[in-house]
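Have a look at the structure below, then the notes.
By convention here, the first residue in the shown sequence is residue 1. Keep in mind that this is a model prediction, so the values were computed, not measured.
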Amino acid sequence: MTPELFSQSLQLALPEIILAVGALVLLMMGVFIGEKSNQLISGLSIALLAVVGLLITVSTGNGEAFGGAFIVDPFARFMKVAAIAGSIFALAMSAVQGRAMQLDKIEYPILLVLSTLGMLLLISANDLIAFYLGLELMSLALYVVAAFNRDSLRSTEAGLKYFVLGALSSGMLLYGMSLVYGFTGNTGFQEIATVLSSEPRGLGLVFGMVFMLAGACFKISAVPFHMWTPDVYEGAPTPVTAFFAAGPKIAAMAILIRLTSETFLPLISDWRQIIVFVAIASMMLGSFAAVGQKNIKRLMAYSSIGHMGFALVGLSAGSESGVSGVALYMLIYMMMSFGTFACIMSMRRPDGTYVEEIDELAGLFARKPFMAVVLTAQMFSMAGIPPLAGFFAKYYVFLAAVEAGLFTLAVVGFLTSVVAAYYYLRIVKLMWFDEPKGEFERTPGELRFIFGISGLLITTYILYGGPIGSAADAAARSFF
């Protein structure tokens, strides 16, 4: 690589470089200052992520770096900004009640920053090796934070389950990569696509693609690779659960889009069958399994599985409008998730324990009217009721499926949305019409600000959604 190309590569990867160096600096600060620096490290981590997010937003350079292994385009920038926003919200939630949840350690914010770095590398991956390195950097930090509360049996169990199943998915992914490399002789996404376009596909290559898609589907907790989600959501500390629901899924969905819309686009007739099956299975399991849940974090886990199925409806279309709909869906889902988890974190009893049983939300409006109104808006939005943001998210992915002729998939999505509305509306009924069962502590101002902002964003989406939709369209044009 010539000095000019190396300089250009460094410029394109500047946000990731700043984030990596910043994480190392924060680690050294924490080591030398000690435990007294917990709040300082958390604040500086949020500031670092905000600076990197702003840099990505204002940058306009496109191109490939490091021999084509790293790519920057409008799609990468859109998904990176969404992932960083999720990380900032997760860190802010952790800083509010970190001590109560055993998260007030200097390692915690640094691990989230490193995981975010892995997300950014994953989103910009343009090569099989870069794909795997970004995925593992993101995942290794997630394994640790899932079990971060070592005094909690549920937390350590969640971390162990996530690690074991994550290792299994990594093995499947690597096996698929080895098959794809063996049959194409290339590791670059664009080079693989060129080979697939010029040669007849082989059965081994299709097997390799299936294993790679399975590895990516594990990270978005799509059926049948969802088995870790309910236990990890319930066992991990709530801010960690909120983090799992946003940034990592955005990054994994981004690489899944890049694989299907670029690398394996010549095999669309093969991978579309897989994505359609996974989408239908995820929507049905996410909708029906959540009905009987009594723990609100487990309910959110099954809700997440269902939402990933809805997002995959747009991906199944294999079109520009489908990719745009998926990108928009992931952004809106992140906004809804953080508002909901901020409300869950606010439900703390006077004895210091947290409410997680759905029945204990009874009469919430009488005790916390503002929180009840916001949580009601979140539930309506997740159910897809207009004119809230969740309606537009589902509308665009279903529209893309209809335009692609996938009418059965769109009908199944609509029917499962009706089923899912039942358990969302059940929560609303409990909050507004049932008798209160107990008192909650005063809600911290920071959490009230977070779920207030989330509620404002999803209720007023119709006013500002135009520019975001245009940005999603511009991101999708990176592939078409």
Q: Could you tell me if the ring centre of F218 sits under 6.0 Å from that of F225?
A: no
**Q.** Main-chain N/O of R272 paired with S316 side-chain donor or acceptor, under 3.5 Å
**A.** no
Q | Rounded distance (nearest 0.5 Å) linking atom SG of C343 with atom CG of L447 | A | 9.0 Å
(Q) Between S304 (side chain only) and M300 (backbone N and O only), is there a donor and an acceptor less than 3.5 Å apart? (A) no
Q: Decide if the gap between the ring center of Y464 and the ring center of Y461 is smaller than 6.0 angstrom.
A: yes
Q.
I need the minimum non-hydrogen distance between W271 and G318, along with the two atoms involved.
A. CH2-CA, 3.9 Å
Q) Under 4.0 Å between a Lys/Arg side-chain N and an Asp/Glu carboxylate O for R258 and D73? A) yes
Q: For T184 and E191, test the side chains for any donor-to-acceptor distance below 3.5 angstrom and give the result as yes or no.
A: no
Q) Going by atom types only, do S319 and E403 share a side-chain donor-acceptor pair under 3.5 Å? A) no
Q) What are the two closest non-hydrogen atoms of A290 and L299, and how far apart are they? A) O-CD1, 3.9 Å
**Q.** Check: S417 side chain, G413 main-chain N or O, donor-acceptor pair, under 3.5 Å
**A.** yes
Q. Sub-3.5 Å donor-acceptor pair from the side chain of N126 to the main-chain atoms of I71, do we have one?
A. no
Q.
Assess whether a salt bridge exists between R426 and D359, defined as any Lys/Arg side-chain N lying under 4.0 Å from an Asp/Glu carboxylate O.
A. yes
Q) Are the side chain of S381 and the backbone of A377 linked by a donor-acceptor contact shorter than 3.5 Å? A) no
Q. Once you round to the nearest 0.5 Å, how far does OG1 of T229 lie from CG of L165?
A. 9.5 Å
Q: Could you tell me how the ring of H307 sits relative to the ring of Y424: parallel (under 30°), tilted (30 to 60°) or perpendicular (over 60°)?
A: tilted
Q) In Å, rounded to the nearest 0.5 Å, how long is the span from CG of L328 to NZ of K394? A) 14.0 Å
Q. Do the charged groups of E360 and K294 touch, with an N to O distance under 4.0 Å?
A. no
**Q.** Validation row, ring centre F75 to ring centre F479 under 6.0 Å
**A.** yes
Q. Between E234 and K297, is there a side-chain N and carboxylate O pair less than 4.0 Å apart?
A. no
Q. How are the rings of Y329 and F310 set relative to one another: parallel (under 30°), tilted (30 to 60°) or perpendicular (over 60°)?
A. tilted
Q. Using the benzene-type ring in the case of Trp, are the ring centres of F244 and Y162 under 6.0 Å apart?
A. yes
Q: Rounded to the nearest 0.5 Å, what's the gap from CE on M431 to CG on L375? Could you check?
A: 4.0 Å
